[in-house]
**Q** 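I am attaching a structure below and will ask some questions about it afterwards.
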Amino acid sequence: MKGYVCLFLLLVGAALFAQSNETPEEAAVLRVQQQWLEASQKGNGEALSQIIDDSFAGSTPDNHIINKQSLFPPSGSGPMFTNTHFVSLNARVIGNTAVVFGSMITTGDPTVLRCAMVYRKRAGVWKMIAAQLVPVSETKDARGQ
């Protein structure tokens, strides 16, 4: 059931992208998205714990289902998503739910990932509850052009 809800939210979010300019809530979600990437790059487990909801579920580019703990670097390993940046991020807020779409590009790596992250707002705080990363077949189209 959760999968259908996430899919519905992703589809609704995609349909809304072309309809409006960024709102303050959308800007807030995009800031949290950037904070997630920076915390991942620094291996900042405390920040990641605050951003990622305990109920988090995600899908990796190689179709593995992951949970919250999967987004923390294993003990003794380096940070995740180093040399990675976002391109063309867009957010849409629908009530207490937000959907973020865009691309993740890693410098020196020909792989471009399309990303879709879902956030839920509880007690005034946006938390990541779902994510899907999908490889893009043509890297020259990373900006959606």
Side-chain angles (χ1 to χ4, degrees), residues 1-17 20 22-139 141-144:
M1 178 67 179
K2 286 183 184 178
Y4 289 110
V5 171
C6 288
L7 178 60
F8 171 76
L9 291 173
L10 292 173
L11 293 174
V12 169
L16 294 175
F17 278 139
S20 66
E22 186 177 288
T23 68
E25 282 296 309
E26 291 165 349
V29 172
L30 290 174
R31 279 192 302 276
V32 174
Q33 180 76 19
Q34 186 61 39
Q35 291 168 355
W36 167 77
L37 180 61
E38 291 170 4
S40 295
Q41 292 171 332
K42 294 175 184 173
N44 186 339
E46 185 176 324
L48 289 170
S49 289
Q50 293 174 8
I51 295 168
I52 305 165
D53 193 78
D54 290 340
S55 67
F56 174 85
S59 176
T60 66
D62 55 354
N63 292 320
H64 288 97
I65 302 300
I66 58 173
N67 61 20
K68 179 178 181 173
Q69 292 308 314
S70 303
L71 294 179
F72 291 82
S75 181
S77 70
M80 301 171 88
F81 303 111
T82 55
N83 301 316
T84 299
H85 64 278
F86 290 119
V87 176
S88 302
L89 280 186
N90 292 288
R92 289 298 173 257
V93 175
I94 306 160
N96 288 329
T97 304
V99 181
V100 176
F101 289 100
S103 296
M104 291 177 69
I105 298 175
T106 301
T107 305
D109 184 348
T111 304
V112 175
L113 300 174
R114 295 271 188 217
C115 57
M117 277 75 162
V118 180
Y119 287 83
R120 173 176 50 197
K121 190 173 189 179
R122 274 196 198 164
V125 177
W126 288 105
K127 293 226 175 205
M128 184 186 297
I129 61 171
Q132 182 175 24
L133 301 175
V134 178
V136 176
S137 59
E138 292 186 32
T139 60
D141 190 31
R143 291 174 282 140

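Heavy-atom basis, side chains included; hydrogens, waters and symmetry copies ignored.
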**Q** To the nearest 0.5 Å, how far apart are CE in Met80 and CG in Leu37?
**A** 11.5 Å
**Q** Please identify which of these residues, Ile51, Ile129, Ile66, meets the side chain to side chain contact (heavy atoms under 4.5 Å, CB included) condition with Phe56.
**A** Ile66
**Q** For the CG atom of Asp62 and the NE2 atom of His64, what is their distance to the nearest 0.5 Å?
**A** 5.0 Å
**Q** Which value, rounded to the nearest 0.5 Å, describes the distance between Leu30 atom CG and Met117 atom CE?
**A** 11.5 Å
**Q** Should Thr84 and Gln41 be marked as a side-chain contact (heavy atoms from CB on, under 4.5 Å) after you check the CA-CA gap, both sets of side-chain angles, and the distance that decides it?
**A** CA-CA 8 Å; Thr84 299; Gln41 292 171 332; 4.2 Å; yes
**Q** List the steps, then state whether side-chain contact (heavy atoms from CB on, under 4.5 Å) holds for Ser40 with Leu48.
**A** CA-CA 7 Å; Ser40 295; Leu48 289 170; 3.5 Å; yes
**Q** Taking all non-hydrogen atoms of both residues into account, name the closest pair between Val93 and Ala98 and its distance.
**A** CG2-CB, 3.9 Å
**Q** Does the side-chain contact (heavy atoms from CB on, under 4.5 Å) test come out yes or no for Arg31 and Trp126, once each step is laid out?
**A** CA-CA 10 Å; Arg31 279 192 302 276; Trp126 288 105; over 6 Å; no
**Q** Minimum heavy-atom separation for Gly45 and Phe72, please, with both atom names.
**A** O-CE2, 3.3 Å
**Q** Look up atom CG in Leu113 and atom CD1 in Ile105, then write down how far apart they are to the nearest 0.5 Å.
**A** 9.5 Å
**Q** Apply the test side-chain contact (heavy atoms from CB on, under 4.5 Å) to residues Val29 and Val100: give CA-CA distance (whole Å), side-chain angles for both, the deciding distance (0.1 Å), then the verdict.
**A** CA-CA 8 Å; Val29 172; Val100 176; 3.4 Å; yes
**Q** Are the side chain of Lys127 and the backbone of Gln50 linked by a donor-acceptor contact shorter than 3.5 Å?
**A** yes
**Q** Sorted by first residue and then second, give each salt bridge (Lys or Arg N to Asp or Glu O under 4.0 Å) pair with at least one member in residues 37-54; sequence neighbours left out.
**A** Asp53-Arg120, Asp54-Lys68
**Q** Once rounded to the nearest 0.5 Å, what's the spacing between atom CE of Met128 and atom CH2 of Trp36?
**A** 5.0 Å
**Q** Is there a donor-acceptor contact under 3.5 Å from the side chain of Glu22 to the main chain of Ala91?
**A** no
**Q** Going from OG1 on Thr60 to CD on Gln132, what distance comes out if it is rounded to the nearest 0.5 angstrom?
**A** 9.5 Å
**Q** Please report the shortest heavy-atom distance between Cys115 and Leu89, naming the atom on each side.
**A** SG-CD2, 4.3 Å
